[in-house]
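Below is one structure, written out as structure tokens, with a few remarks after it.
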Amino acid sequence: MEKKKTPMPEQEPKERIKNFNEVALGYDEEDAVKEAGRCLACKKPVCVKGCPVEIDIPSFISFIKERKFDEAISKIKEKNSLPAICGRVCPQETQCEELCVSGKKGEPVAIGRLERFAADWERKKGVKPPQKVAPTGKKIAVIGSGPAGLTCAADLAKLGHSVTVFESLHKTGGVLMYGIPEFRMPKAVVEAEIDYVKHLGVEIYPDMVVGKSIGVDELRKDFDAVFIGTGAGLPMFMHIPGENLNGVYSANEFLTRVNLMNAYRFPEYDTPVRVGKRVAVVGAGNVAMDSARTALRLGAEESLIVYRRSEKEMPARKEEVEHAKEEGGKFMLLTNPVKIFGDEQGFVKKMECIQMKLGEPDESGRRKPVPVKGSEFTMDVDTVIVAIGQSPNPLVPKTMKGLEVGKHGNIIADDDGRTSVKGVFAGGDIATGAATVISAMGMGKKAATTIDRYIRKE
Amino acid sequence: MFKIIRKENLAENTKLFDIEAKLIAKKCLPGQFVILRLDEKGERIPLTIADFDRNRGVITIVVQEVGKTTFQLGEMKAGDSLLDFIGPLGNPSEIEKFGKIICVGGGVGIAPIYPIARALKEKGNRVISIIGARSKNLLFWEEKMRNVSDELSVTTDDGSYGRKAVVTAPLKEILDSEKIDRVVAIGPPVMMKFVAKTTLPYKVKTVASLNSVMVDGTGMCGACRCKIGEETRFACVDGPEFDAHMVDFDLLMSRQKMYLDEEKKALKRFKGA
């Protein structure tokens, strides 16, 4: 048995930093069949336990092994309506693949790559429209068309319910559209999966800011249940002097300009983005890696990732960190910004940082970084991108009476997605705080089951 | 798609559009804004609502042509449609019975001050309005403003119409002659800055509506952040109106210049096409 995963072809770093095309090119049929052959087809598959949406992993892999790709994708879609997305951005290494038995003596089966292969294979050949189910006559409103909302909507539509999704932006997909860059998640892939959800009968209204354009209470009157999946859209800042200078972006703004508004194609597209020669990205999560890599593609000569802890504590997926390194991203670890300086026109020029060392573990279990006295130094930068996290979007909770909210602004929901208000459910980052695409999908899925049970009883 | 049902040339490079937007017209209140996008390649720009008609489901916007998007919109006509029209966003103006109020509208800011003055008047306030522009050819809505005000002063910087002055001159005279309970100002940041400076010694609560750069307009990007006292706030969700005595107008003006070069480039490309 081959100990290592079948490698996935990728664009060469030197080439790819000149374009926004997808970096990972995906398996071809031979690669996929070969990799599927590494699966031990365990009788008690532990990998499934690691999947938030409980895909029957050994079954779909064995279909790939037998070259029954059609059956493979159908098997995945029994549980997951967005497989091309999950195959690309799920942190499989801490989920299904972490538990894979093959991983004990070598590398685990590349479950994520196989999922992506099956989804891409189907998309290339034309997605089979799903079978329509007999309508139940029940109506559900879903607020937000990101991973949580789309999953919840798709699952409810599959059960025959009439689902209407309200999206505040002009494009559907939430973070998949505004946040995750084209080179990691091509928009065409997202659009194709959204089309599939629409084919299930889900109606999607963009440009609808719930809480502003329409009230949650109005939705409650018109629908049998409401699901809130409005995500963690609020950017956090460091609250240091100079943070409002021109050239200091929240990662959200920087990525939204580039991804949602296509600023990388300015002036063909109207929205501009500024990226100087020397860019500092503060933070070391996936969003920080996305920002650093985007800056390089926009022509930055240097992209510096400034992080207050050490490499071990970086929250980004290993794969994303590797990609950033390959592309020339430089890591300034144990470094924390303290002040940003501008020129007379109010544009960023320099950033002062301080060296950190790791102290005792804090409430997150990670060792707390503490400043090293007298270690301040100043570096030249002309763009600073703050990627230190996002907090839940307050728009809906603020305008809804009786909805219990936690101290970080997250909607309080139980494991099944129930909130403090009858008939109102929530899931994804709005309930958990910023997390991953797949955990949001997992909660959207659970909430769909809860909602189905709830409306059938009503 | 959101249809333009009427277009009117109000002043030089200043155009009015009535847009069919039933949901927004049903909900919006004075002081709120919309975000629009003209087409697939368009940017999202915020515009404060100039008027609304709930029965007809119409939102009125007044646009000054300054950049590519506003010039492109200026070329559109009744019957054309905007791709996206989102709102109402931001918090509405505080409309209560305050007593004596001065409403100051400068340039294209005359448009959004109008529904605020009207609502304040309807609430039973005594409304004194001051509208001003650089020159006569940039003034509009004098009659409309007169209809919702107990008194109206008109100024132009060059004296081509009304009184030759900036808006702060009549403002100061009124403040000297009677007790004013509140001032609301909408216009270019530099005007709002000097309105705030003028009212500060009189300790009159003064409100300004900030026209920051925005992308989503729902609190997601932080492009519109501004400094209010010692705090950073987002104009889109915390505003757009703030206590003018707390606003760092210099920062607002600096941040509005963030994309000056790009804006010039885009406009040149559009005009050349």
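Chain naming here is simple, since letters A, B, ... match the order of the sequence lines and numbering starts at 1 in each.
Remark: B:Lys7 NZ is packed, more than 12 non-hydrogen atoms of other residues, nucleotides or ligands lying under 6.0 Å away. Within 6.0 Å of the NZ atom in A:Lys187, the count of heavy atoms belonging to other residues, nucleotides or ligands exceeds 12. Environment of CZ in A:Phe347: crowded, with over 12 heavy atoms of neighbouring residues, nucleotides or ligands closer than 6.0 Å. Residue-environment remark: CZ (B:Arg233) exceeds the threshold of 12 foreign heavy atoms within 6.0 Å.
Distance check: B:Leu23 CG to A:Asp207 CG gives 11.0 Å after rounding to the nearest 0.5 Å. Rounding to the nearest 0.5 angstrom, the gap separating the CZ atom in B:Arg269 from the CG atom in A:Asp270 is 8.5 Å. Rounded to the nearest 0.5 Å, atoms CD (A:Gln345) and CE (B:Met258) are 13.5 Å apart. Here CG of A:Leu234 is found 9.0 Å from OG1 of B:Thr218. Values are rounded to the nearest 0.5 Å.
With a 4.5 angstrom heavy-atom cutoff, A:Arg257 touches chain B only via side-chain atoms. If you measure heavy-atom distances from A:Thr256 to chain B, the contacts under 4.5 Å come from the side chain alone. Both the backbone and the side chain of B:Ser254 come within contact range of chain A, judged by heavy atoms closer than 4.5 Å. Residue A:Val386 does not touch chain B at all, counting heavy-atom pairs closer than 4.5 Å. At a 4.5 Å heavy-atom cutoff, the contact between A:Phe266 and chain B is made by side-chain atoms alone. Looking at B:Val34, there are no atoms closer than 4.5 Å to chain A (heavy atoms on both sides), in backbone or side chain. Only the backbone of A:Leu245 comes within contact range of chain B, with heavy atoms under 4.5 Å apart. Neither the backbone nor the side chain of A:Glu344 comes within contact range of chain B, judged by heavy atoms closer than 4.5 Å. In this structure, chain A has heavy atoms under 4.5 Å from both the backbone and the side chain of B:Arg255.
Without hydrogens or angle criteria, A:Asn246 side chain to B:Lys257 main chain gives no donor-acceptor distance under 3.5 Å.
In this structure, the side chains of A:Glu243 and B:Thr232 stay at 4.5 Å or more apart for every pair of heavy atoms. Using a 4.5 Å heavy-atom cutoff, the side chains of B:Leu83 and A:His170 are not in contact. By the 4.5 Å heavy-atom criterion applied to side chains, A:Glu268 and B:Lys41 are counted as neighbours.
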Where do A:Val209 and B:Ile86 land on the side-chain contact (heavy atoms from CB on, under 4.5 Å) test, with the steps shown first? CA-CA 8 Å; A:Val209 187; B:Ile86 303 149; 3.5 Å; yes
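Residue A:Ser250 comes nearest to B:Cys221 through the heavy atom pair OG-O, 2.6 Å, listed as atom of the first residue, atom of the second, then distance. Residues B:Gly222 and A:Glu253 share a closest heavy-atom pair of C-OE1, 4.2 Å. For the residue pair B:Pro88 and A:Ser213, the shortest heavy atom distance occurs at CD-CA, 4.1 Å.
For the set A:Gly215, A:Gly346, A:Pro235, the entry with the most heavy-atom pairs within less than 4.5 Å of chain B is A:Pro235. For the set B:Glu263, B:Gln72, B:Lys265, B:Glu40, the count of heavy-atom pairs under 4.5 angstrom toward chain A peaks at B:Glu40. When each of B:Ile35, B:Ile24, B:Leu251, B:Asp216 is checked for heavy-atom pairs under 4.5 Å with chain A, B:Leu251 comes out on top. Annotation: maximal heavy-atom pairing with chain A below 4.5 Å, among B:Arg44, B:Arg225, B:Lys27, occurs at B:Arg225.
Ring-plane geometry between A:Phe237 and B:Phe234 is classed as perpendicular, the angle between the planes exceeding 60 degrees on a 0 to 90 degree scale with a lower cut at 30.
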